[in-house]
Amino acid sequence: MNGLWKPRVLGAWRVPASGPAILAVNHSHNIDGPMVMGVSPRPTHFLIKKEAFVGPLGAFLSGIGQLKVDRTSVDRTAISEALGVLDNGGVLGIFPEGTRGEGDFASLRAGLAYFAVRGGAPIVPVAVLGSSEKPGRLIKGLPPLRSRVDVVFGDPFEAGDGSGRRTRRALDEATERIQKQLTSHLENARRLTGR
(Lines give C-alpha, C1' and ligand atoms only; values in the text may rest on other atoms or scores of the structure.)
Protein backbone atom coordinates (compact mmCIF):
# COMPACT_ATOMS: atom_id res chain seq x y z
CA MET A 1 0.00 0.00 0.00
CA ASN A 2 2.82 2.39 0.85
CA GLY A 3 4.43 1.78 -2.53
CA LEU A 4 1.33 2.63 -4.56
CA TRP A 5 -0.39 5.27 -2.45
CA LYS A 6 0.40 7.51 0.49
CA PRO A 7 -1.68 6.18 3.38
CA ARG A 8 -1.97 8.43 6.41
CA VAL A 9 -2.87 6.29 9.42
CA LEU A 10 -4.43 7.93 12.45
CA GLY A 11 -5.33 6.24 15.74
CA ALA A 12 -3.90 2.78 15.03
CA TRP A 13 -2.92 2.64 18.71
CA ARG A 14 -6.64 2.34 19.50
CA VAL A 15 -6.74 -1.25 18.20
CA PRO A 16 -6.46 -3.50 21.29
CA ALA A 17 -2.96 -5.01 21.44
CA SER A 18 -4.32 -8.47 22.25
CA GLY A 19 -7.57 -10.38 22.48
CA PRO A 20 -10.45 -10.51 20.03
CA ALA A 21 -11.45 -7.37 18.16
CA ILE A 22 -13.59 -6.46 15.18
CA LEU A 23 -12.61 -3.76 12.70
CA ALA A 24 -15.80 -2.25 11.25
CA VAL A 25 -14.69 -0.57 8.02
CA ASN A 26 -16.66 1.69 5.69
CA HIS A 27 -16.53 0.45 2.11
CA SER A 28 -16.62 2.73 -0.90
CA HIS A 29 -13.76 1.32 -2.98
CA ASN A 30 -12.06 -2.00 -3.81
CA ILE A 31 -8.82 -0.98 -2.09
CA ASP A 32 -10.43 -0.26 1.31
CA GLY A 33 -9.96 -3.80 2.63
CA PRO A 34 -6.39 -4.26 1.35
CA MET A 35 -5.51 -0.79 2.65
CA VAL A 36 -6.75 -1.63 6.16
CA MET A 37 -4.97 -5.03 6.05
CA GLY A 38 -1.78 -3.25 5.06
CA VAL A 39 -1.82 -0.60 7.80
CA SER A 40 -3.53 -2.39 10.70
CA PRO A 41 -1.24 -2.94 13.70
CA ARG A 42 -2.50 -6.55 13.93
CA PRO A 43 -3.16 -9.21 11.27
CA THR A 44 -6.78 -8.94 10.15
CA HIS A 45 -9.05 -11.65 8.73
CA PHE A 46 -11.72 -10.07 6.53
CA LEU A 47 -14.98 -11.63 5.46
CA ILE A 48 -14.77 -11.31 1.67
CA LYS A 49 -17.40 -12.22 -0.92
CA LYS A 50 -16.80 -15.64 -2.46
CA GLU A 51 -16.80 -14.12 -5.96
CA ALA A 52 -13.35 -12.61 -5.20
CA PHE A 53 -11.84 -16.06 -4.59
CA VAL A 54 -11.04 -16.91 -8.21
CA GLY A 55 -7.78 -18.14 -9.73
CA PRO A 56 -4.51 -17.00 -8.19
CA LEU A 57 -6.26 -14.25 -6.21
CA GLY A 58 -8.41 -16.85 -4.46
CA ALA A 59 -5.36 -18.88 -3.43
CA PHE A 60 -3.62 -15.70 -2.27
CA LEU A 61 -6.61 -14.52 -0.18
CA SER A 62 -6.96 -17.95 1.44
CA GLY A 63 -3.21 -18.07 2.05
CA ILE A 64 -3.22 -14.80 3.99
CA GLY A 65 -6.14 -15.91 6.14
CA GLN A 66 -9.08 -14.14 4.53
CA LEU A 67 -12.52 -15.71 4.91
CA LYS A 68 -14.80 -16.57 1.99
CA VAL A 69 -18.47 -15.72 2.51
CA ASP A 70 -21.53 -16.50 0.36
CA ARG A 71 -23.70 -13.39 0.64
CA THR A 72 -26.73 -15.03 -0.97
CA SER A 73 -27.55 -17.23 2.01
CA VAL A 74 -26.68 -17.87 5.63
CA ASP A 75 -23.12 -19.15 5.23
CA ARG A 76 -22.58 -21.31 8.32
CA THR A 77 -19.01 -22.15 7.35
CA ALA A 78 -18.05 -18.46 7.14
CA ILE A 79 -19.84 -17.75 10.43
CA SER A 80 -18.00 -20.60 12.14
CA GLU A 81 -14.63 -19.49 10.73
CA ALA A 82 -15.22 -15.86 11.75
CA LEU A 83 -16.20 -16.85 15.29
CA GLY A 84 -13.09 -19.06 15.34
CA VAL A 85 -10.92 -16.01 14.61
CA LEU A 86 -12.48 -14.21 17.59
CA ASP A 87 -12.33 -17.30 19.85
CA ASN A 88 -8.60 -17.50 19.13
CA GLY A 89 -8.12 -13.83 20.09
CA GLY A 90 -7.73 -12.60 16.52
CA VAL A 91 -8.95 -9.57 14.62
CA LEU A 92 -11.96 -9.90 12.32
CA GLY A 93 -12.52 -7.30 9.59
CA ILE A 94 -16.08 -6.60 8.49
CA PHE A 95 -17.69 -4.23 6.02
CA PRO A 96 -20.92 -3.77 8.01
CA GLU A 97 -22.90 -2.52 5.03
CA GLY A 98 -22.30 -5.86 3.35
CA THR A 99 -21.21 -4.40 0.03
CA ARG A 100 -19.42 -1.46 -1.51
CA GLY A 101 -21.48 1.73 -1.59
CA GLU A 102 -21.29 5.29 -0.34
CA GLY A 103 -19.18 4.18 2.62
CA ASP A 104 -21.30 6.16 5.07
CA PHE A 105 -22.56 3.34 7.31
CA ALA A 106 -26.15 4.29 6.36
CA SER A 107 -27.49 0.74 6.04
CA LEU A 108 -25.95 -1.83 8.34
CA ARG A 109 -26.64 -5.54 8.25
CA ALA A 110 -27.09 -7.48 11.48
CA GLY A 111 -23.94 -9.58 10.98
CA LEU A 112 -21.63 -7.15 12.75
CA ALA A 113 -23.85 -7.06 15.84
CA TYR A 114 -24.05 -10.86 15.86
CA PHE A 115 -20.28 -11.32 15.74
CA ALA A 116 -19.66 -8.62 18.35
CA VAL A 117 -22.25 -9.95 20.81
CA ARG A 118 -21.62 -13.66 20.18
CA GLY A 119 -17.82 -13.30 20.02
CA GLY A 120 -17.59 -10.90 22.97
CA ALA A 121 -15.30 -8.65 20.96
CA PRO A 122 -15.06 -4.85 21.02
CA ILE A 123 -15.70 -3.06 17.75
CA VAL A 124 -13.08 -0.64 16.45
CA PRO A 125 -14.60 1.75 13.87
CA VAL A 126 -12.36 2.38 10.86
CA ALA A 127 -12.91 5.11 8.28
CA VAL A 128 -11.09 4.91 4.95
CA LEU A 129 -11.25 8.28 3.23
CA GLY A 130 -9.93 9.36 -0.15
CA SER A 131 -10.00 5.99 -1.89
CA SER A 132 -12.98 6.89 -4.05
CA GLU A 133 -12.55 10.64 -4.57
CA LYS A 134 -11.31 10.41 -8.16
CA PRO A 135 -10.25 7.65 -10.55
CA GLY A 136 -6.64 7.10 -11.50
CA ARG A 137 -5.32 8.01 -14.93
CA LEU A 138 -3.59 4.69 -15.57
CA ILE A 139 -6.18 2.36 -14.05
CA LYS A 140 -9.64 3.91 -13.76
CA GLY A 141 -10.73 1.38 -11.13
CA LEU A 142 -8.07 2.53 -8.64
CA PRO A 143 -7.32 5.85 -6.97
CA PRO A 144 -4.50 7.84 -8.60
CA LEU A 145 -1.09 6.37 -7.78
CA ARG A 146 0.71 8.17 -4.93
CA SER A 147 -2.52 9.91 -3.85
CA ARG A 148 -3.23 10.22 -0.14
CA VAL A 149 -5.66 7.79 1.47
CA ASP A 150 -6.58 8.36 5.11
CA VAL A 151 -7.27 5.44 7.45
CA VAL A 152 -8.70 6.58 10.79
CA PHE A 153 -9.15 4.10 13.65
CA GLY A 154 -11.67 5.03 16.35
CA ASP A 155 -12.12 4.13 20.00
CA PRO A 156 -13.20 0.51 20.63
CA PHE A 157 -16.70 0.03 22.03
CA GLU A 158 -18.94 -2.82 23.13
CA ALA A 159 -22.00 -3.50 20.98
CA GLY A 160 -24.07 -5.37 23.54
CA ASP A 161 -25.98 -3.91 26.44
CA GLY A 162 -24.06 -6.00 28.98
CA SER A 163 -26.90 -8.49 29.49
CA GLY A 164 -25.38 -11.18 27.26
CA ARG A 165 -28.72 -11.57 25.44
CA ARG A 166 -28.54 -12.81 21.83
CA THR A 167 -32.21 -12.48 20.91
CA ARG A 168 -33.36 -10.87 17.68
CA ARG A 169 -34.40 -7.78 19.64
CA ALA A 170 -31.03 -7.58 21.42
CA LEU A 171 -29.22 -7.79 18.06
CA ASP A 172 -31.49 -5.12 16.55
CA GLU A 173 -30.75 -2.82 19.50
CA ALA A 174 -27.03 -3.56 19.18
CA THR A 175 -27.18 -2.73 15.46
CA GLU A 176 -28.73 0.66 16.28
CA ARG A 177 -26.00 1.39 18.85
CA ILE A 178 -23.33 0.32 16.37
CA GLN A 179 -24.74 2.51 13.60
CA LYS A 180 -24.69 5.58 15.86
CA GLN A 181 -21.09 4.90 16.91
CA LEU A 182 -19.87 4.27 13.36
CA THR A 183 -21.65 7.31 11.94
CA SER A 184 -20.21 9.49 14.69
CA HIS A 185 -16.72 8.13 14.04
CA LEU A 186 -17.03 8.80 10.31
CA GLU A 187 -18.09 12.41 10.97
CA ASN A 188 -15.13 12.87 13.35
CA ALA A 189 -12.73 11.29 10.84
CA ARG A 190 -13.94 13.64 8.10
CA ARG A 191 -13.44 16.64 10.39
CA LEU A 192 -10.01 15.42 11.46
CA THR A 193 -8.77 14.80 7.89
CA GLY A 194 -10.63 17.64 6.18
CA ARG A 195 -12.30 15.23 3.73
Side-chain angles (χ1 to χ4, degrees), residues 1 20-40 42-88 90-129 131-132 140-143 149 151 154 159-160 166-183 185-186:
M1 291 296 120
I22 298 173
L23 302 184
V25 184
N26 69 323
H27 195 23
S28 60
H29 197 282
N30 285 331
I31 70 157
D32 296 339
M35 182 65 69
V36 172
M37 280 184 245
V39 303
S40 174
R42 291 178 62 192
T44 305
H45 306 271
F46 269 91
L47 283 167
I48 300 173
K49 64 183 178 181
K50 72 174 185 177
E51 294 84 1
F53 286 77
V54 293
L57 178 60
F60 173 74
L61 290 173
S62 295
I64 62 170
Q66 304 315 304
L67 310 174
K68 183 189 320 184
V69 63
D70 182 350
R71 298 177 303 165
T72 62
S73 64
V74 176
D75 187 339
R76 299 206 184 283
T77 300
I79 292 169
S80 177
E81 290 175 346
L83 289 172
V85 166
L86 298 174
D87 289 344
N88 290 324
V91 178
L92 180 65
I94 295 181
F95 299 112
E97 295 168 291
T99 188
R100 201 170 52 244
E102 295 300 313
D104 58 3
F105 297 121
S107 58
L108 300 190
R109 293 184 163 191
L112 174 56
Y114 175 78
F115 288 120
V117 172
R118 170 70 175 70
I123 296 172
V124 178
V126 183
V128 180
L129 303 169
S131 61
S132 61
K140 300 291 183 209
L142 295 175
V149 177
V151 181
R166 296 186 204 161
T167 63
R168 179 88 228 146
R169 182 174 178 187
L171 292 178
D172 288 345
E173 290 169 359
T175 299
E176 286 181 35
R177 281 190 294 279
I178 291 168
Q179 186 162 26
K180 287 178 186 169
Q181 290 273 11
L182 297 182
T183 301
H185 171 67
L186 186 58

Would you mind reporting whether [Y] and [X] have side-chain heavy atoms less than 4.5 Å apart?
X: Ile123; Y: Ile94; value: no
X: Phe95; Y: Ile48; value: no
X: Arg71; Y: Glu51; value: yes
X: Val85; Y: Leu67; value: yes
X: Ile22; Y: Val91; value: no
X: Lys50; Y: Val69; value: no

Residue pair Leu112, Leu182: steps toward the side-chain contact (heavy atoms from CB on, under 4.5 Å) verdict: CA-CA 12 Å; Leu112 174 56; Leu182 297 182; 4.1 Å; yes
Steps toward side-chain contact (heavy atoms from CB on, under 4.5 Å) verdict (Leu23, Leu92): CA-CA 6 Å; Leu23 302 184; Leu92 180 65; over 6 Å; no
Lys/Arg-Asp/Glu bridge criterion (N-O < 4.0 Å) met for Glu176, Lys180: no
Interatomic spacing from CZ in Arg42 to CE in Met37 - rounded to 0.5 Å: 15.5 Å
Pairs under 3.5 angstrom only: tabulate donor-acceptor contacts from the side chains of residues 53-66 to other protein residues two or more places apart or in another chain.
from: Ser62; atom 1: OG; to: Gly58; atom 2: O; distance (Å): 3.2
from: Gln66; atom 1: OE1; to: Phe46; atom 2: N; distance (Å): 2.6
from: Gln66; atom 1: NE2; to: Thr44; atom 2: O; distance (Å): 3.2
from: Gln66; atom 1: NE2; to: Ile64; atom 2: O; distance (Å): 3.1

Donor-acceptor contact present, side-chain Asp70 to main-chain Asp75, <3.5 Å: no
Any donor-acceptor N/O pair, Arg177 side chain to Ala159 backbone, under 3.5 Å: yes
By salt bridge (charged side-chain N to carboxylate O under 4.0 Å, His left out) - contacts of Arg76 (at least two apart): none
What are the two closest non-hydrogen atoms of [X] and [Y], and how far apart are they?
X: Ile79; Y: Phe115; result: O-CE2, 3.8 Å
X: Ala113; Y: Ile178; result: CA-CD1, 3.7 Å
X: Val128; Y: Val149; result: CG1-CG1, 3.8 Å
X: Val124; Y: Gly154; result: CG1-O, 3.4 Å

Contacts of Ser73 that satisfy side chain to side chain donor-acceptor pair (under 3.5 Å) - sequence neighbours left out: none
